[in-house]
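Following: one structure in structure tokens, then a few remarks.
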Amino acid sequence: GDIVERQTSITNDFGSINGVLTAPSIGLTGGMTIRIGNSSRYIRVEEYKRPKFEVTINPVEGTSALNDTVTITGRAKAYAGSSVDNATVTYAVRRNARFPYWRRWYEPIPESPTVYLANGSVTTSSDGSFTIRFVARPDESIRRHTLPLFTFTIDATVSDVNGETHDAREIITLGYVSTNVDLSIPEVVQSGSSQAGRIVATNLSGRPIPFKGELRVERLAPPSRLTR
């Protein structure tokens with residue numbers, strides 16, 4: 001029930017008044033009442049300002065290779081449906097390395113510290129879109145035969161002309177082996193039966209990609225006798 005602010009106003013020739021009230025920056029928020037004489041208006045004060053737009057980054061399609069220039073596209077779009085043009089986009093790209101298939105118990109896992117590869121700023125176009133490009137450089141100190149996977153994290157911050165700011169992030173994974181192929185075939189198949197299997201090819205970020213290869217089925221040489 002505390003009074004936050006009190007003002008005195010004088011009506012104009014038409015009997016109306018106007019003024020500006022500043023919501024409190026500290027203390028409890030919630031329901032508040034603006035009262036003039038016997039008239040009042042109830043409002044709600046929140047701790048945050050509702051966002052007017054959002055930022056999205058499009059997934060990277062296809063297969064990229066290390067040391068290639070990777071192109072990242074995104075868009076800033078208002079919740080009302082319009083595009084946020086002429087907004088400033090600041091970005092940073094950092095690289096990490098991981099070793100998901102490490103089986104060399106006799107050799108320690110290499111260390112690769114986080115490295116920032118690129119940073120800068122661009123401006124959204126008339127349709128709210130923006131483009132970020134960087135070179136996906138690997139850590140040359142890690143030997144190729146260890147099959148490291150390099151994770152590139154792209155952080156983008158978009159600020160419109162009114163100063164409202166929103167962030168977006170995209171993560172892509174590249175390596176010296178650029179494709180994962182998964183064979184989903186039963187271990188046991190009855191002779192004479194027809195059982196379908198699936199072969200799925202994805203890039204290292206887990207997104208499906210077209211792939212052409214050779215599938216070879218070989219008969220194993222059976223033992224000359226069975227041993228109990």
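Worth knowing before you read on, the calculation uses all heavy atoms, side chains too, and leaves out hydrogens, waters and symmetry mates.
By the neighbour-count criterion of 12 heavy atoms within 6.0 Å, atom CD of Glu111 is sparsely surrounded, having that number or fewer from other residues, nucleotides or ligands. For Ile36, the CD1 atom sits in a loose shell: 12 or fewer heavy atoms of surrounding residues, nucleotides or ligands are nearer than 6.0 Å.
Classified by interplanar angle (parallel below 30°, tilted 30° to 60°, perpendicular above 60°), the ring pair His166/Phe53 is perpendicular.
No path of Ile, Leu, Val, Met, Phe, Trp and Tyr side chains, each step under 4.5 Å between heavy atoms, connects Val55 with Tyr79, placing them in separate hydrophobic clusters. The hydrophobic cluster containing Leu174 does not contain Ile209, counting ILVMFWY residues as joined when their side-chain heavy atoms lie under 4.5 angstrom apart, directly or transitively. Placement of Val122 and Ile72 within a single hydrophobic cluster is found when ILVMFWY residues are connected by side-chain heavy-atom separations under 4.5 Å, directly or transitively. Cluster annotation: Leu66 is not connected to Ile171 through the hydrophobic network of ILVMFWY side chains, with a link wherever side-chain heavy atoms come within less than 4.5 Å. Under a hydrophobic clustering in which Ile, Leu, Val, Met, Phe, Trp and Tyr are joined whenever their side-chain heavy atoms come within less than 4.5 Å, directly or via other members, Val60 and Leu117 fall into the same cluster.
The main-chain N or O of Glu164 is never found under 3.5 Å from a side-chain atom of Asn162 such that the two would form a donor-acceptor pair. The main-chain N or O of Asp127 is found under 3.5 Å from a side-chain atom of Arg75 such that the two form a donor-acceptor pair.
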Can you list the steps and then say if Asp167 with Asp155 is a side-chain contact (heavy atoms from CB on, under 4.5 Å)?
CA-CA 7 Å; Asp167 301 327; Asp155 291 309; over 6 Å; no

After noting the C-alpha distance and the side-chain angles of Val181 and Ile199, does the key distance pass the side-chain contact (heavy atoms from CB on, under 4.5 Å) rule?
CA-CA 7 Å; Val181 180; Ile199 302 176; 3.8 Å; yes

Hey, mind stepping through Thr153 and Arg169 against side chain to side chain donor-acceptor pair (under 3.5 Å) and telling me if it holds?
CA-CA 7 Å; Thr153 304; Arg169 172 176 291 179; 5.9 Å; no

side-chain contact (heavy atoms from CB on, under 4.5 Å) between Thr56 and Lys77, intermediate numbers included:
CA-CA 8 Å; Thr56 56; Lys77 183 177 180 181; over 6 Å; no

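Between Arg137 and Asn67 the shortest side-chain heavy-atom distance falls below 4.5 Å. Put simply, the side chain of Leu215 reaches to within 4.5 Å of the side chain of Leu183, judged on heavy atoms. Looking at heavy atoms from C-beta onward, Phe150 lies out of side-chain contact with Val115 at the 4.5 angstrom threshold.
Between the OG atom of Ser121 and the CZ atom of Phe130 there is a distance of 12.5 Å, given to the nearest 0.5 Å. In this structure, Phe152 CZ and Asn96 CG are separated by 9.5 Å, a value rounded to the nearest 0.5 Å. For the atom pair Gln7 CD and Ile34 CD1, the distance stands at 9.5 Å (nearest 0.5 Å). Taking CG of Asn58 as the reference point, atom OG1 of Thr131 lies at 9.5 Å (rounded to 0.5 Å). Taken from CD1 in Ile142 to CG in Leu147, the straight-line distance is 11.5 Å, to the nearest 0.5 Å. Atom CD1 of Ile57 is separated from atom OH of Tyr91 by 12.0 Å, given to the nearest 0.5 angstrom.
Taking both residues in full, the closest heavy atoms of Arg207 and Pro59 are given as NE-CB, 3.2 Å, listed atom of the first, atom of the second, then distance. Residues Val158 and Val89 approach most closely at CG2-CG2, 3.8 Å, considering heavy atoms. Nearest heavy atom pair, residue Ala87 against residue Thr124, reads N-OG1, 2.8 Å. When all heavy atoms of Ser141 and Asp139 are compared, the closest pair comes out as OG-OD1, 2.6 Å. When all heavy atoms of Arg143 and Pro148 are compared, the closest pair comes out as O-CD, 3.9 Å. Nearest heavy-atom pair across Thr173 and Leu204 is O-CB, 3.3 Å.
In summary, of the residues considered (Ile154, Thr69, Asn119), a side chain to side chain contact (heavy atoms under 4.5 Å, CB included) with Phe134 occurs for Ile154 alone.
Side-chain atoms of Asp85 and Ser83 form no donor-acceptor pair, as typed in the model, at a separation below 3.5 Å.
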